[in-house]
Amino acid sequence: SDRIMSRYGDSPLGMVESALEFLRICEDNNYYNIVLSMKASNPKIMVQAYRLLIQKMQEENMNYPLHLGVTEAGEGEDGRIKSAAGIGTLLEDGIGDTVRVSLTEDPEFEAPVAIALVNRYTNRVTHTPIKTVETAQLPYSPYDFTRRDSQEVANFGGHNVPRVVADFSSSEEITPANLFSVGYSYSVPLDKWNLSEMACDYLFVGDSKISFEIPGTLGIISNYKKWESVENKERNYPLYTPAQFLSSTNFSEQLNFICVNAADLLSNDSSILEQITASSKKSVLVFETDNLHGMAEQRRMFIELMLKKSALPVLIKRNYKNLEESDLQLQASTDFAALFLDGLGDGVWISAENCGSKNNINRTAFGLLQATRSRISKTEYISCPSCGRTLFDLQETTAKIRKRTDHLKGVKIGIMGCIVNGPGEMADADYGYVGVGVGKITLYKGKEVVKRSINSDLAVDALIDLIKENGDWVEKE
């Protein structure tokens with residue numbers, strides 16, 4: 001309502017207060033058969049709203065079931081990654097009673113995604129116990145986003161966007177052609193590297209070696225013993241175990257990685273964190289876990305850093321094995337996004353054995369960063385699933401708009417089938433394309449109508465013109 005909007009704004013608290021108002025009306029009339037939904041197209045807003053709703057219900061002795069969903073998630077891998085980021089984050093915390101995945105695809109493709117997300121928790125209760133937080137209050141708020149303060153080390157931490165590490169440690173030989181899958185292409189005639197918007201920042205090569213000149217923006221991470229034997233250490237950095245780091249006298253002057261797990265940080269007699277900090281080396285921690293409930297364990301590791309006032313940057317690493325590409329996409333998006341949505345993490349490292357192509361792994365890393373608004377690398381589309389109210393072919397129209405605009409990094413475009421939910425559910429979009437009648441489209445700039453009832457055969461061109469008029473257009477290269 002206008003009253004709620006004027007008091008709380010378009011915010012998670014406004015969503016929650018609106019829901020509570022209706023709950024009180026229902027309870028005043030002795031009606032309790034209610035399931036609540038706090039859906040939003042932005043996973044960050046959605047997660048905060050559900051958490052806040054639970055807190056407010058507890059304060060009023062309410063305990064209603066919750067229906068989870070990221071509304072207007074879009075299509076293809078973007079829609080699946082965004083859905084996993086929002087729904088998976090809450091499922092990781094044991095929140096949620098029913099689930100709906102909304103994709104701009106035929107409806108039969110939605111249920112398998114929802115089932116795959118839910119099925120991860122069938123045996124989760126058997127996970128290795130995680131050390132309890134022995135403080136009355138968390139060192140961060142689960143209801144408001146604030147990125148964890150970390151010191152800047154090379155291009156990690158500080159105000160840098162999270163970095164992406166591609167894992168090539170299982171490759172016997174690494175050639176320039178291999179880098180095409182992670183965003184780099186080499187032009188022989190021009191003798192130069194071309195970078196895509198989703199070019200990884202580092203390669204982990206383990207004990208392998210690179211025998212060609214790498215792109216100028218790319219760094220190499222080698223296992224410490226291998227790194228020691230590398231002659232040219234320019235843009236080549238060591239990865240230590242804690243024991244190696246503490247006993248070594250050989251370090252990179254620019255960047256050192258130390259792989260740590262929960263036992264290293266959380267055991268009562270451990271002083272590893274203090275020793276790493278005292279060394280004054282330019283270091284980035286690599287958080288690793290083999291816990292079945294790995295996200296929660298890694299979050300507990302972040303909490304330990306915050307309680308001990310450590311500002312070391314953290315590269316989050318997760319290991320996967322023998323998964324279909326679609327399952328890797330959903331699981332990694334859940335595991336990493338659940339941390340990034342709380343402002344935790346300075347980098348992504350997906351180590352995947354027999355889980356599909358390196359290109360898919362790299363796209364997943366950049367996709368989950370985009371879904372959490374941590375690093376923007378492409379256009380974002382907020383598009384609804386088809387329903388009986390839809391006034392045009394959503395899938396065809398979305399494909400047409402995507403083809404014309406998929407190079408507009410950072411621009412958010414809402415594509416809504418009707419006026420009923422469209423304007424509200426695409427409130428986060430920069431531009432909106434909304435069906436208002438058969439063959440008629442209305443265009444929005446933000447929340448404002450700018451062109452009404454355009455013939456649908458002219459509407460895509462009119463949308464492009466609107467983007468150009470507002471200075472957000474760039475020509476495709």
Side-chain angles (χ1 to χ4, degrees), residues 150-158 160 162-174 178-179 182 200-267 269-290 298 301-302 304-305 308-319 345-351:
S150 60
Q151 65 196 44
E152 185 170 356
V153 178
N155 58 355
F156 281 90
N160 291 296
R163 298 298 161 186
V164 173
V165 176
D167 196 321
F168 277 73
S169 59
S170 62
S171 301
E172 292 183 6
E173 182 182 7
I174 304 170
N178 295 139
L179 302 194
V182 292
C200 71
D201 303 290
Y202 291 84
L203 293 185
F204 174 62
V205 299
D207 294 322
S208 300
K209 67 176 182 178
I210 298 286
S211 56
F212 56 90
E213 188 173 344
I214 60 173
T217 59
L218 185 64
I220 303 298
I221 304 172
S222 303
N223 286 330
Y224 166 59
K225 289 296 184 182
K226 180 66 179 180
W227 176 80
E228 278 193 311
S229 66
V230 173
E231 290 184 12
N232 181 9
K233 291 183 169 58
E234 182 181 2
R235 286 185 285 128
N236 197 318
Y237 311 106
L239 174 69
Y240 302 84
T241 66
Q244 287 173 334
F245 184 84
L246 296 177
S247 62
S248 177
T249 57
N250 194 6
F251 301 96
S252 166
E253 294 182 0
Q254 290 80 38
L255 180 59
N256 302 276
F257 296 90
I258 307 111
C259 196
V260 296
N261 58 32
D264 295 324
L265 294 187
L266 303 178
S267 60
D269 58 348
S270 175
S271 61
I272 288 174
L273 182 59
E274 290 79 3
Q275 293 181 70
I276 292 172
T277 303
S279 72
S280 300
K281 304 301 179 186
K282 294 183 177 179
S283 303
V284 172
L285 298 178
V286 180
F287 277 9
E288 205 167 14
T289 179
D290 59 4
Q298 288 184 319
M301 293 164 71
F302 274 107
E304 192 71 10
L305 257 63
K308 291 183 176 178
K309 310 298 183 185
S310 172
L312 289 170
V314 175
L315 171 61
I316 305 168
K317 183 187 179 192
R318 290 298 298 263
N319 303 309
D346 302 290
V348 174
W349 179 351
I350 300 174
S351 177

Short side-chain to backbone donor-acceptor contact, [X] and [Y], under 3.5 Å:
X: Asn261; Y: Glu288; answer: no
X: Asn256; Y: Ser283; answer: no
X: Gln298; Y: Phe287; answer: yes
X: Ser169; Y: Val205; answer: no
X: Arg163; Y: Asn155; answer: yes
X: Lys226; Y: Gly206; answer: no

> Where does the angle between the aromatic ring planes of Trp349 and Phe204 fall among parallel (under 30°), tilted (30 to 60°) and perpendicular (over 60°)?
Replying inline: tilted
For [X] against [Y], the heavy-atom pair lying closest together:
X: Cys200; Y: Leu218; value: O-CD1, 3.8 Å
X: Gly345; Y: Ile316; value: CA-CD1, 3.8 Å
X: Leu273; Y: Lys308; value: CD2-CD, 3.9 Å

> Among side-chain atoms of Ser271 and Gln275, is any donor-acceptor pair under 3.5 angstrom?
Replying inline: yes
Roughly how far apart are [X] [atom1] and [Y] [atom2], rounded to 0.5 Å?
X: Glu173; Y: Ile210; atom1: CD; atom2: CD1; answer: 10.0 Å
X: Gln254; Y: Lys281; atom1: CD; atom2: NZ; answer: 12.0 Å
X: Leu312; Y: Thr277; atom1: CG; atom2: OG1; answer: 4.5 Å
X: Leu246; Y: Thr241; atom1: CG; atom2: OG1; answer: 8.5 Å
X: Arg318; Y: Thr289; atom1: CZ; atom2: OG1; answer: 6.0 Å

Validation row: [X], [Y] side chains within 4.5 angstrom (heavy atoms):
X: Lys233; Y: Ser252; result: no
X: Met301; Y: Val260; result: yes
X: Val164; Y: Val182; result: no
X: Asp346; Y: Asn160; result: no
X: Pro215; Y: Leu179; result: yes
X: Tyr202; Y: Leu315; result: no
X: Ile214; Y: Leu203; result: no
X: Val314; Y: Ser150; result: no

> With sequence neighbours left out, what residues match Tyr240 under ring-ring contact (aromatic ring centres under 6.0 Å, His included)?
Replying inline: Tyr224, Phe245, Phe251
> For Lys225, does the NZ atom sit with more than 12 other heavy atoms under 6.0 Å from it, leaving out its own atoms?
Replying inline: no
